[in-house]
*Asks:* 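Following this message is one structure expressed as structure tokens.
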Amino acid sequence: MDGIVSWPGEESSITSRPARRLRTSPSVLHADVDAFYAAVEQRDKPSLRGHPVIVGGLGPRGVVATASYEARRYGVRSAMSMVEARARCPQAAFLAPRFAVYRAVSAQIMDIFAEFSALVEPLSLDEAYLDIATSAHEPISTEAAVEIARRIKEKVRAVTGLSISVGAGNSKLVAKIASDLDKPDGLRVVPAGAEADFLAPLPVTRIPGVGPATAARLHNVGVHTIGELAALSEEEAANLLGRAHGRHLWALAHGWDDRAVCADRAAKSVSVEDTFDQDIADPGRLRIVVRAMAERVVERLRAHTLSGRTISVKVRLTDFTTLTRSATLPAPTDDVRVVRRLAERLLTEVDTSSGVRLIGVGISGLTDWVQLNLFADDRGGRPTGGAGEVSTGTPGTASPMHTDPPASAVPWTPGQDVVHRRYGPGWVQGSGRGWVTVRFETRDTPVGPVRSFRDADPELHPAESP
DNA sequence: TCTGGGGTCCTAGGACCC
DNA sequence: TCTGGGGTCCTAGGACCC
């Protein structure tokens, strides 16, 4: 294993903080493909080589996903509007992204990374951390790290035709910054012990996690370099930037970064969103759109055999203010009818009369098992739907790869319109284990209470079909 | 003709429970 | 009747990353 040393300054930190250990050799690698999408397009279309290429949305509200280095010379950057990119570099080739191709190339690259380390943490299609200490019994020398990086670059170029940049250091932070500094086709290893001198003169904005808002706060107090951030006290950083964020960045500025390289990180949410070519104000059209997005997100959810408890709707208004509304179910679902209906309701909680430029639907609180009925959680108790409440307070701690028997002979279908003799019209949010939960809302009165009944409640009936 | 789409993490307030 | 604190869950928003 890599050599390990105690976290400097540990004595002064709060006792709840776990003991930190820093590596003593450059055994963390960060690798990413140079101008990935654009480079794939240039690779596949030789006439584009040597010329500016801009990949991104081609619609009226598109933005740049990736600009080739030729295009960057004209000031074209990721996230810039396509309109501005066209103004800066009209002679560029403007291409829509081909994600299926990028995913395939990405898989090739990740396979190559896996040949060099058993511990690969992908960050995106074109980027990953590699822990090269896992298979080594001795600390990794600078020369050994350089050699491994060189071989990875060679192999990626031979197999995919793409150039990558690799950085290595004793932490994720140092490796990542090192790979950034030498782009494109970079190879930079920060030797053990040289981390502080490497970091100190760099602008704070080099630290991943320091964006425009954080940079502005730091600049306000005269902090421009990583070394100047490190020279603050931990308390000053925490007060300036927030407790967690401030302390984290302050530690990073010292090079105190013990974050582990972690393969197989489970997804926490799934979402889809669309920006319209023109704003939509018509509630009927918005309702149709949000239903379609609910269907798309459930498709993605089910493709990964996941279920989720919390449904969110995101609305970006004409003036770009962004609102979210969410609701949490008593148990995870992957039922399109429930998600569709809930998304529709959440949309009604936002005033969209001024016009909407984007709608999104997301699902979080994911569990790794296929939902068979809404109450197939392990709380054991009966459903408790109280008036107006969606969540019951107790989270379903789902067992992995749960295999519940199907809820057979239950007459109620999630999403179904029903009428209760006392409570009026509503729709079935879920059923199972002898119970059915009804949300008493209609399109005209979209927000209403939730109540649960026995399956055979004589007062509950399917709504008349239209 | 301003500002995509997919995510992650953090904060802060209120509800609720012990 | 009054007075609390801690912990967890939920919601909404914001910063940030590629």
Side-chain angles (χ1 to χ4, degrees), chain A residues 30 32-37 55-67 77-87 96-97 99 102-103 106 121-128 172 176 179-180 205-217 238 241-249 259 262 265-279 293 296-297 300 309-330 346 349-350 357-366 384 386 388-397:
Chain A
H30 177 266
D32 73 343
V33 183
D34 304 315
F36 182 43
Y37 299 172
V55 180
L58 300 184
R61 287 170 165 174
V63 299
V64 175
T66 310
R77 297 283 178 269
S78 291
M80 176 180 283
S81 79
M82 275 294 198
V83 172
E84 188 175 350
R86 277 183 204 279
F99 286 107
Y102 309 149
R103 270 193 293 272
S106 175
E121 178 179 331
L123 298 179
S124 64
L125 285 181
D126 77 314
E127 192 179 341
K172 283 183 165 181
K176 168 97 174 150
S179 77
D180 276 347
T205 49
R206 283 282 173 186
I207 301 176
V210 176
T214 303
R217 288 186 182 192
L241 308 175
R243 192 173 166 81
H245 198 220
R247 293 167 64 163
H248 177 63
L249 293 177
R259 290 171 296 167
C262 177
R265 291 171 53 189
K268 306 214 160 146
S269 66
V270 180
S271 64
V272 299
E273 61 185 60
D274 262 344
T275 295
F276 312 127
D277 286 353
Q278 290 177 330
D279 294 356
M293 314 240 352
R296 275 164 56 193
V297 76
R300 296 245 316 272
R309 281 186 69 215
T310 302
I311 315 301
S312 309
V313 166
K314 172 172 164 181
V315 176
R316 179 120 72 209
L317 302 175
T318 299
D319 68 359
F320 222 75
T321 57
T322 304
L323 306 167
T324 61
R325 293 295 179 268
S326 65
T328 299
L329 296 163
L346 290 166
E349 294 178 10
V350 180
R357 64 176 285 139
L358 169 149
I359 280 190
V361 176
I363 306 180
S364 56
L366 303 183
T384 55
E389 290 302 313
V390 182
S391 19
T392 59
T394 311
T397 42

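None of the values given here were measured: they were computed from a predicted structure. All chains are named by letter (A, B, ...) in the order of the sequence lines, taking the proteins before the strands, and each is independently numbered beginning at 1. Keep in mind that the numbers below use all heavy atoms, side chains included, and drop hydrogens, waters and symmetry copies.
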*Asks:* At less than 4.0 Å, is any side-chain N or O atom of A:S271 found next to OP1 or OP2 of B:dG5? Yes or no.
*Replies:*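 Checking B:dG5 against A:S271, no side-chain N or O comes under 4.0 Å of OP1 or OP2.
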*Asks:* For A:D180, does its backbone N or O pair with a side-chain atom of A:H30 as donor and acceptor, under 3.5 Å?
*Replies:*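 No, A:H30 side chain to A:D180 backbone: no donor-acceptor pair under 3.5 Å.
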*Asks:* Considering just the side-chain nitrogens and oxygens of A:T310, establish if one lies under 4.0 Å of OP1 or OP2 belonging to C:dC10.
*Replies:*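 No.
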*Asks:* To the nearest angstrom, how far is A:D180 atom CG from C:dC16 atom P?
*Replies:*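 Rounded to the whole Å, the gap is 17 Å.
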*Asks:* So what does A:E127 hit on the nucleic acid, given a heavy-atom distance under 4.0 Å: a base, only sugar-phosphate, or nothing?
*Replies:*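 Here A:E127 touches the backbone only, sparing every base.
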*Asks:* Can you check the A:L329 CG to C:dC10 P distance for me, whole Å?
*Replies:*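 Roughly 11 Å, once rounded to whole Å.
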*Asks:* Of all the choices, C:dG13, B:dC10, B:dG4, which nucleotide is nearest to the side chain of A:A244 once you look at every atom?
*Replies:*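 Of C:dG13, B:dC10, B:dG4, B:dC10 is nearest to the side chain of A:A244.
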*Asks:* For a quick check of understanding: with a heavy-atom distance under 4.0 Å over all strands, which category does A:V64 fall into, base, sugar-phosphate or nothing?
*Replies:*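 A:V64: no heavy atom of the nucleic acid under 4.0 Å.
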*Asks:* Tell me what A:A65 touches on the nucleic acid: a base, only sugar-phosphate, or nothing, going by heavy atoms under 4.0 Å.
*Replies:*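 No contact.
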*Asks:* Taking atom OG1 of A:T275 and atom CD1 of A:I359, what is their separation to the nearest 0.5 Å?
*Replies:*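 Answer for the OG1-CD1 pair, A:T275 versus A:I359, is 10.5 Å.
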*Asks:* So what does A:T66 hit on the nucleic acid, given a heavy-atom distance under 4.0 Å: a base, only sugar-phosphate, or nothing?
*Replies:*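 The residue A:T66 makes no contact with any strand.
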*Asks:* Using a cut-off of less than 4.0 Å, is there contact between a side-chain N or O of A:R316 and OP1 or OP2 of B:dT3?
*Replies:*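 No, because none of the side-chain N or O atoms of A:R316 sits under 4.0 Å from OP1 or OP2 of B:dT3.
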*Asks:* Does A:S78 use its side chain to pair, donor to acceptor, with the backbone of A:A65 at less than 3.5 Å?
*Replies:*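 Flag set: sc A:S78 to bb A:A65 pair under 3.5 Å.
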*Asks:* Between A:T214 and C:dA15, is there a contact of a side-chain N or O with OP1 or OP2 at under 4.0 Å?
*Replies:*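 Indeed not, no polar side-chain atom of A:T214 lies that close.
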*Asks:* Answer yes or no: does a side-chain N or O of A:K268 lie under 4.0 Å from OP1 or OP2 of B:dG7?
*Replies:*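 It does not, given that no N or O in the side chain of A:K268 lies less than 4.0 Å from OP1 or OP2 of B:dG7.
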*Asks:* Which is true for A:R325 with a 4.0 Å heavy-atom rule: it touches a base, it touches only sugar-phosphate, or it touches nothing?
*Replies:*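 Sugar-phosphate contact only.
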*Asks:* Give the nucleotide from the list B:dT8, C:dT11, B:dG4 with an atom nearest to the side chain of A:S326.
*Replies:*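 Closest of the options to the side chain of A:S326: C:dT11.
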*Asks:* With a non-hydrogen cut-off below 4.0 angstrom, is A:L123 in contact with a base, only sugar-phosphate, or nothing?
*Replies:*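 Nothing: the residue A:L123, judged by heavy atoms under 4.0 Å, touches no strand.
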*Asks:* Using whole Å, report how far CD of A:E84 lies from P of B:dT3.
*Replies:*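 In whole Å, B:dT3 P lies 11 Å from A:E84 CD.
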*Asks:* Just to be sure I understand the rule, does A:K314 reach a base, reach only the sugar-phosphate, or reach nothing, if contact means heavy atoms closer than 4.0 Å?
*Replies:*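 If one applies the 4.0 Å heavy-atom cut-off, A:K314 turns out to touch nothing in the nucleic acid.
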*Asks:* What nucleotide, of B:dT11, C:dG13, B:dG5, holds the atom closest to the side chain of A:L358?
*Replies:*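 The listed nucleotide nearest to A:L358's side chain is B:dG5.
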*Asks:* Looking at every strand, decide which applies to A:R300 at a 4.0 Å heavy-atom threshold: base, sugar-phosphate, or nothing.
*Replies:*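 Here A:R300 touches the backbone only, sparing every base.
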*Asks:* Grab the CG-P distance between A:D32 and C:dC18 for me, whole Å please.
*Replies:*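 Result: 8 Å.
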*Asks:* Enter the distance from A:T324:OG1 to A:L346:CG here, rounded to the nearest 0.5 Å.
*Replies:*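 Separation between the atoms: 9.5 Å.
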*Asks:* Report yes if at least one side-chain N or O of A:R357 is closer than 4.0 Å to OP1 or OP2 of B:dT3; otherwise report no.
*Replies:*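 Yes, such a contact exists.
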*Asks:* Just confirming the chi classification of C:dC2, syn or anti, using 90° around 0 as the syn window.
*Replies:*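 Anti.
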*Asks:* Using whole Å, what does the distance between atom C1' of nucleotide C:dC17 and atom CG of A:L125 come to?
*Replies:*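 Taking atom C1' of C:dC17 as the reference, CG of A:L125 is at 14 Å.
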*Asks:* Nearest 0.5 Å please: distance from the CG atom of A:D274 over to the CG atom of A:L358.
*Replies:*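 Spacing of CG (A:D274) from CG (A:L358) equals 7.5 Å.
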*Asks:* With the side chain of A:V272 defined as its heavy atoms from C-beta on, choose the nearest nucleotide among B:dG6, B:dG7, B:dT3.
*Replies:*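 The closest nucleotide is B:dG6.
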*Asks:* Want to settle it: does A:A266 or A:H245 sit nearer the 5' end of DNA chain B, counting the closest nucleotide to each?
*Replies:*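 In this pair, the answer is A:A266.
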*Asks:* Taking atom P in both C:dC18 and B:dC2, what distance in whole Å separates the two?
*Replies:*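 It works out to 28 Å between them.
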*Asks:* If I compare all heavy atoms of A:S179 with all of A:K176, which pair ends up nearest, and what's the gap?
*Replies:*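 For A:S179 versus A:K176, the nearest heavy atoms are OG-O, 3.0 Å.
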*Asks:* How would DNA chain C look in dot-bracket form, 5' to 3', counting Watson-Crick and G-U wobble pairs with both distances under 3.5 Å and writing | for bases paired to another strand?
*Replies:* ....||||||||||||||
*Asks:* Would you mind reading off the distance between A:F320 atom CZ and C:dG13 atom C1', rounded to a whole angstrom?
*Replies:*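 Whole-Å distance recorded here is 15 Å.
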*Asks:* For A:R217, does the CZ atom sit with more than 12 other heavy atoms under 6.0 Å from it, leaving out its own atoms?
*Replies:*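 Count not over threshold, so no.
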*Asks:* Walk me through it: do A:Y37 and A:L125 pass the test side chain to side chain contact (heavy atoms under 4.5 Å, CB included)?
*Replies:* CA-CA 10 Å; A:Y37 299 172; A:L125 285 181; 4.3 Å; yes
*Asks:* Reckon A:G209 touches a base, only the sugar-phosphate, or nothing at all at heavy-atom distances under 4.0 Å?
*Replies:*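 Counting heavy atoms under 4.0 Å across all strands, the contact made by A:G209 is with sugar-phosphate only.
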*Asks:* Using the rule given for side chain to side chain contact (heavy atoms under 4.5 Å, CB included), can you reason through A:Y102 versus A:V55, listing the C-alpha separation, both sets of side-chain angles and the distance that settles it, and then say yes or no?
*Replies:* CA-CA 12 Å; A:Y102 309 149; A:V55 180; 3.7 Å; yes
*Asks:* Remember a base hit wins even if backbone is also touched, and classify A:G62 as base, sugar-phosphate or nothing at under 4.0 Å, heavy atoms.
*Replies:*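 No contact.
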*Asks:* Across the strands shown, which category fits A:I207 at heavy-atom distances under 4.0 angstrom: base, sugar-phosphate, nothing?
*Replies:*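 Answer is sugar-phosphate: A:I207 comes under 4.0 Å of backbone atoms only.
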*Asks:* Got a second to check how far A:T322's OG1 is from A:L317's CG, nearest 0.5 Å?
*Replies:*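 Taking OG1 in A:T322 and CG in A:L317, the distance rounds to 7.5 Å.
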*Asks:* Answer yes or no: does a side-chain N or O of A:S269 lie under 4.0 Å from OP1 or OP2 of B:dG7?
*Replies:*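 No, no such contact exists.
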*Asks:* Quick check: on DNA chain B, is the nucleotide nearest A:F276 upstream (toward 5') of the one nearest A:A87, or the reverse? Name the residue that is more 5'.
*Replies:*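 Looking at DNA chain B, the more 5' nearest nucleotide goes with A:A87.
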*Asks:* Just checking, is any N or O donor in the side chain of A:R357 or A:T318 under 3.5 Å from an acceptor N or O on the other one?
*Replies:*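 A:T318 and A:R357 do not have a side-chain donor-acceptor pair below 3.5 Å.
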*Asks:* What is the distance, to the nearest angstrom, from the OH atom on A:Y102 to the P atom on B:dG6?
*Replies:*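 The answer, rounded to whole Å, is 16 Å.
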*Asks:* Base, sugar-phosphate, or nothing for A:D126, non-hydrogen atoms under 4.0 angstrom?
*Replies:*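 It contacts sugar-phosphate atoms only.
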*Asks:* Expressed as a whole number of angstroms, how long is the span from A:I363:CD1 to C:dC10:C1'?
*Replies:*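 Result: 18 Å.
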*Asks:* Below 4.0 angstrom from OP1 or OP2 of B:dT3, is there any side-chain N or O of A:R61?
*Replies:*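 Affirmative; the distance criterion is met.
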*Asks:* Could you please name the option among B:dG5, C:dA15, B:dT8 that lies closest to any side-chain atom of A:D274?
*Replies:*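 Closest of the options to the side chain of A:D274: B:dG5.
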*Asks:* Picking from B:dG5, C:dG13, B:dC9, which would you name as closest to the side chain of A:T275?
*Replies:*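 That would be B:dG5.
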*Asks:* With the side chain of A:E273 defined as its heavy atoms from C-beta on, choose the nearest nucleotide among C:dC10, B:dG6, B:dG4.
*Replies:*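 Of the candidates, B:dG6 comes closest.
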